[in-house]
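Every chain is numbered from 1, with letters handed out A, B, ... down the list of sequences.
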Amino acid sequence: MILTPEVLAIFILNTIFAFFATIAFVLSVKIFLHWNIKSVSQSQYKLEKQSYLSATIIKYIFAIKVPLFLFFIFTLDKISKVITGAMCGAGVVDATPYGTYLLILKVINLYVFAYWLMLNSVDMKNEEQPYTKLKFGIYIIAFFLLMGELVLEGVMFNSIDIDKMVSCCGTIYSSTASSYISNIFSIDTGMLLFLFYGTYVLIMLFALLKNKYLFSIANLFFIIISIIAIIVFFGTYIYQLPTHHCPFCFLQKDYYYVGYLIYIFLFLGTFYGVIVAFIDAKKEQMQRDTKISLVFNTLLVLLLSAYPLIYYIKNGVWL
Amino acid sequence: MRSKINFYLIEYALNALLREKYKSFFIMSIFTLLTFLLTSVFFITNSIKYELQSTVDTLPQIIVQKIKAGRHYDIDESVVDDVLDIAGVDDAVARVWGYYYFENAGVNFSIVGIDAYEKQYKKSFENIIEDFDFATLEQTPSMVVGRGVKEIMKQSYYDEYFNFIKPDGSLKRVDVAGVFDGQTQLESNDMIVMPKETLKEIFGMDEMQATDIVVKVKNPQEVSTVAAKIKLIYPDTRIITTQDLQISYQNIFDYKSGIFLALFVIAIFTFFIIIYDKASGLSSEEKREIGILKAIGWKIDDILKEKFYEAFILSLFAYLLGVILALLYVYLFQAPILRDIFVGYSQLKTSFELPFIFDLHTLFLVFFLSVPVYVAAIIIPSWKIATLEADEVIR
Amino acid sequence: MIELKNVNKNYEVNKNNIVNALQNINISIQEGELFVLKGASGSGKSTVLSLIAALSKPTSGEVIVDAKQISKLPDNFASEYRRDNIGFIFQKYNLIPTLSVSENILLPLVPLNLPAQEAQQKLQRVMKMFDISHKAEAVVKNLSGGEQQRVAIARANVNDPKIIIADEPTANLDERLSLSFIEILKELKALKKTIVIATHDPLFFNLDCVDREIELHKGNILS
Amino acid sequence: MPMKKIVLLMLLLSSFVLSSYAKEFMKIASVEPVLVQKGEQKNWCSVCGMNLKKFYKTSYIAHLKDTEPRQYCSIRCLAYDMQNHELDGDIKVVDASTQELIDAKKAYYVVGSKIKGTMSKVSKLAFASKEEAQKFVKKYRGKIVDFASALKMAQDSLKTDSAMVLKKKKKKIYPMGKKVFQKMCKQDIDLSNYDEVNQLKADITTKKLCKHLKEKQLQAVALYLLEVKKADTKEEVAKHIHVTKDEKCPVCGMFVYKYPRWVAQIVFIHNNKEKHLSFDGVADMMKFYFHPNKWGDYGVHDTKEMIKITVTDYYSQKSIDATKAFYVIGSDIYGPMGNELIPFEYEDEAKTFSMDHKGRKVVKFEDITPSEIYELDE
């Protein structure tokens with residue numbers, strides 16, 4: 001058990017989340033079952049009002065969750081200093097069997113909540129409110145994901161044993177290790193880079209062709225390929241070490257916290273890219289989303305490419 | 001663009017807060033108090049931790065004391081040789097020190113004997129050795145005294161020398177060779193430094209004996225192993241390591257932090273309830289106002305937004321105010337009252353200042369512990385206000 | 001332009017006491033008309049105005065404005081509709097007393113977040129039109145009743161709505177001010193605005209500029 | 001009467017405490033010591049320079065070929081001298097109880113008693129009569145042997161005893177001697193005339209080479225002058241491996257400055273320039289050492305190009321030569337990367353550490369294998 005003020009703060013906020021998320025959940029179930037936009041009954045008016053409360057709660061949770069996610073990563077980094085063997089968040093994530101799932105769940109939840117908000121904003125712009133049932137249906141699923149995250153977070157912090165030694169990121173993300181992560185190192189770097197830049201070009205192309213489905217799928221693929229490319233290739237240039245692949249260390253001060261920037265770009269770029277296919281928005285909004293997606297994806301590609309390029313210019317060789 | 005900040009709405013929110021002067025003031029006071037307390041406690045704990053660490057860092061890693069009949073007793077100097085032979089020990093020094101009660105002034109002097117050619121276990125002694133010629137001090141029994149000590153002696157007309165009473169009742173005259181300024185107030189107020197031999201004579205100690213032995217270990221990881229080994233060779237000794245000290249300090253500290261955290265969770269909950277209550281209790285005037293706004297075309301979202309602007313302005317202001325007050329309280333005024341709660345070891349160490357440790361992380365922490373809680377508390381009341389039937393309240 | 005079809009409106013005071021404010025009302029108002037609803041207080045005049053302004057929803061029946069079913073609009077859209085199409089002049093003015101005249105007039109524009117210049121233009125236009133420019137910075141609670149009403153009218157017109165609704169506009173005015181209000185009405189009518197007034201002030205009866213009158217009694221139209 | 005009993009008991013107890021204190025065995029002479037060497041230098045041991053009066057009860061007189069009679073503080077110094085000189089005549093030892101000079105070969109020796117040895121871990125005290133020796137054994141334990149076995153013991157332990165003494169000299173005596181020399185002595189003492197400590201000590205006092213010194217200071221300065229200054233042994237400056245803040249371990253990628261207690265370094269020549277790589281532990285350094293090309297192109301491709309490899313001694317935290325160090329594998333001390341090879345300058349320290357911390361084995365640099373290194377990660 002590790003109970004630093006940071007962890008306590010996360011727990012307190014989680015309690016608040018759980019409390020409000022439950023209220024929103026109850027209301028969402030009611031809305032999901034009884035919503036009828038055509039009805040003029042009192043109960044429909046009431047549901048309509050309650051939908052505002054649910055939406056407000058969900059907005060609140062998302063608004064706090066985003067900075068809290070960064071705070072969470074920051075806290076992991078801080079805790080890593082008291083755990084033997086861990087040098088960055090990766091060690092803490094690896095310290096318990098729950099860490100990896102928690103992190104994945106957190107990222108999924110960010111995407112789901114952001115998607116919900118987009119859906120909500122489109123829905124509220126239409127007099128017919130065509131997505132109301134859908135969005136509250138999605139929230140019912142999101143609620144369980146969120147609760148899963150909160151429980152997992154509690155369990156994870158609860159089971160961190162300061163005295164137990166953990167692996168450092170150098171071991172977890174190494175091509176010689178036999179963990180499942182090391183499988184990605186079997187991908188040929190040239191192939192990987194081809195995929196990375198190729199996907200980026202495809203995204204641009206589909207944006208030009210205005211095919212939102214292909215655009216969305218390309219973005220979905222871009223999330224995965226980017227993370228792998230960062231671990232296998234770009235990370236080594238950020239660290240200027242051919243053998244260091246950790247996707248956590250560059251969140252630290254020694255690397256000017258560049259990791260936060262990378263992940264924010266990646267999230268915004270791919271999120272706006274993916275949702276265009278999932279939301280039947282007006283044309284202007286779709287164009288806007290596409291534009292945002294392109295801007296952030298481009299920023300990401302530029303930022304990541306700058307590291308090897310600068311390295312090459314400075315040293316005259318590739319790593 | 002819709003996403004631009006709506007300054008009209010901010011202005012309106014600000015006006016709304018000012019209109020409800022007393023309520024805003026009340027909520028802000030509570031909020032400020034909360035952030036103030038929270039920040040102060042974190043500041044104090046950060047500072048104490050830092051101070052503790054630096055205090056412990058200056059202490060000898062291991063102190064070996066001989067225990068006889070449960071009391072601290074003089075230890076054989078030859079123990080140093082055995083300790084030096086333990087793997088990992090960098091240095092071991094036999095210390096000679098003690099207290100001398102000067103009845104005339106009713107004060108205790110602490111007297112330290114040093115050997116000028118030994119490695120010193122404390123930085124301030126190095127300085128004293130550099131400033132005074134100990135070779136001559138040893139010839140004619142003389143000493144170096146702290147500035148404060150000099151003053152006290154002068155009051156009893158001891159200017160050039162001082163007569164110590166030895167255990168056998170005879171007097172030992174020791175000349176005052178010089179005055180030094182200690183690194184701390186404490187040092188210069190009660191410390192006397194003289195050659196080991198002279199001090200041993202005053203205390204009536206055997207030539208080959210010492211008060212205790214301090215041990216330096218280069219690798220801090222080895223301290224406990226070395227300590228265990230000394231204990232094995234000399235079962236009649238008490239071994240004090242900095243780790244022991246640290247743990248005992250830490251225990252006091254954790255205990256107090258624990259109580260505080262428990263109180264704090266209750267405080268947060270209370271805060272939540274108070275805010276909820278205050279935000280729910282609407283005057284008919286306020287209700288009418290919301291009704292008017294809705295009647296002239298404000299949406300539920302607009303009103304919610306306005307309420308959150310209000311909350312944000314209020315909480316941000318209170319947060320900043322709380323942090324600034326805490327900064328002043330802790331570092332300028334040295335945190336009266338609160339500090340005493342946390343400084344449980346005041347008897348172990350007489351005086352210290354809270355060093356200025358500024359940690360951005362603490363500010364984020366306090367932010368997450370206050371602002372989201374406040375905003376959460378107003379969600380439901382704001383929603384209730386925003387969904388009021390305009391038609392009913394404006395008539 | 002405005003059509004109420006078979007409108008019923010019940011108010012639930014408590015579980016066992018339901019008041020029928022309107023019973024099967026059918027009203028049709030043409031564009032540019034100055035329409036007067038007469039009747040004693042409690043006759044349901046204000047309820048009709050609320051329904052037209054989408055401030056409340058009918059228990060049954062339809063309210064159609066500009067071919068739009070406003071009785072079924074979700075709350076946010078009802079507000080938008082109100083903001084863009086309706087200028088509401090209340091009996092008690094319903095100004096925010098601690099704000100200044102210009103601040104009060106600008107209130108409907110706040111959520112729109114207009115550029116400062118555009119907002120100022122709109123403000124100046126209505127202040128000039130209703131002759132309140134000289135008091136622009138005065139706090140509303142210090143104004144006289146007539147001035148307050150002019151502020152309320154200015155606020156109702158700041159967004160240049162097609163429909164003006166007035167609820168007992170002269171109830172708190174002396175005769176001189178009431179007459180000047182009628183002058184303002186005429187001006188508005190000249191601007192081709194549809195105007196609906198609920199009143200029991202005899203001053204409005206048989207007025208030249210009034211196109212049509214209906215009298216309500218206990219939620220029913222007296223023919 | 002209980003009261004009386006208590007008083008009696010207390011009296012008894014206090015007398016016991018007092019007597020045991022008073023009867024503590026002291027090596028210092030309580031009679032006028034017999035000193036046989038010539039001149040002022042007679043006061044000190046011929047080998048180590050220690051004060052003979054202070055260690056009179058363990059001291060010896062011997063005649064060696066081609067020398068004046070020599071007097072030693074202990075059997076250890078006698079054994080030491082016998083390595084270089086042949087014995088000529090008999091050896092005299094001081095009886096530990098009567099303090100008279102007796103024939104060493106006929107004496108009874110008590111070895112391994114509670115009394116500490118002089119310059120040795122185990123004390124060897126001589127007695128003329130067997131009864132005295134037995135009485136002593138009763139009180140202080142140990143066992144009785146003859147001269148030959150006592151001497152054998154001294155000879156056998158000479159190496160370890162010398163190492164122990166040297167350790168103490170390095171830690172305490174030489175630094176003190178240096179300070180005394182700088183503050184109290186003439187800086188132009190000609191050391192070429194002196195071979196032995198007691199000679200030098202005699203001259204320092206008689207010829208006033210230094211200001212008045214106490215015995216301890218005199219001993220320190222003499223040892224410093226002879227064994228450090230004259231021998232011109234380079235003064236060991238405890239050097240740490242220095243790393244800058246931007247140095248990263250090529251193997252694991254961590255900033256090395258965060259783990260100063262574990263730093264290891266490989267120095268190599270690249271393009272005629274001396275370059276180095278720092279590691280946050282021996283394990284990582286060895287990984288690099290075995291496969292320098294696996295971790296990227298740093299301009300070093302073969303172990304032959306490495307001109308110096310240093311590691312941080314676990315105990316002293318000094319920079320030591322990695323190829324000469326001893327490493328403990330499988331201990332319960334973890335480095336920043338977990339299981340580590342813990343480096344030591346001296347084998348005995350490595351063994352001590354291995355005992356203390358449940359080490360699996362102690363290996364030399366050349367015995368480390370890559371498979372062992374990679375096993376550490378599991």
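Contact check for B:Glu11 versus C:Val110: no side-chain heavy atoms found under the 4.5 Å cut-off.
With a threshold of 4.5 angstrom between heavy atoms, B:Asn15 approaches chain C through side-chain atoms but not through N, CA, C or O. With a 4.5 angstrom heavy-atom cutoff, C:Ala116 touches chain B via backbone and side-chain atoms both. No part of C:Phe77 comes within reach of chain B, as not one of its non-hydrogen atoms sits under 4.5 angstrom from that chain. Only the side chain of B:Glu285 comes within less than 4.5 Å of a heavy atom of chain C; its backbone N, CA, C and O stay farther away.
Within the 3.5 Å criterion, the main-chain N or O of B:Lys294 finds a donor-acceptor partner in the side chain of C:Arg82. Checking side-chain atoms of B:Tyr8 against main-chain N and O of C:Leu112 turns up no donor-acceptor pair under 3.5 Å.
Considering every non-hydrogen atom in both C:Leu55 and B:Glu389, the closest pair reads O-OE1, 3.9 Å. Here the closest non-hydrogen pair linking B:Trp298 and C:Pro108 is NE1-CA, 4.2 Å. In terms of heavy atoms, C:Leu95 sits closest to B:Ile292 at O-CD1, 3.9 Å.
To the nearest 0.5 angstrom, C:Glu80 atom CD is 8.5 Å from B:Asp302 atom CG.
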Discussion item. Let's go through B:Arg288 and C:Ile96 carefully: what are the C-alpha distance in whole Å and the side-chain angles of both, what is the deciding distance for side-chain contact (heavy atoms from CB on, under 4.5 Å) to 0.1 Å, and is it a yes or a no?
Written reply: CA-CA 9 Å; B:Arg288 205 173 74 94; C:Ile96 295 177; over 6 Å; no

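Considering only residues two or more places apart in sequence or on other chains, B:Phe364 meets the side-chain contact (heavy atoms from CB on, under 4.5 Å) condition with A:Phe71, B:Leu360.
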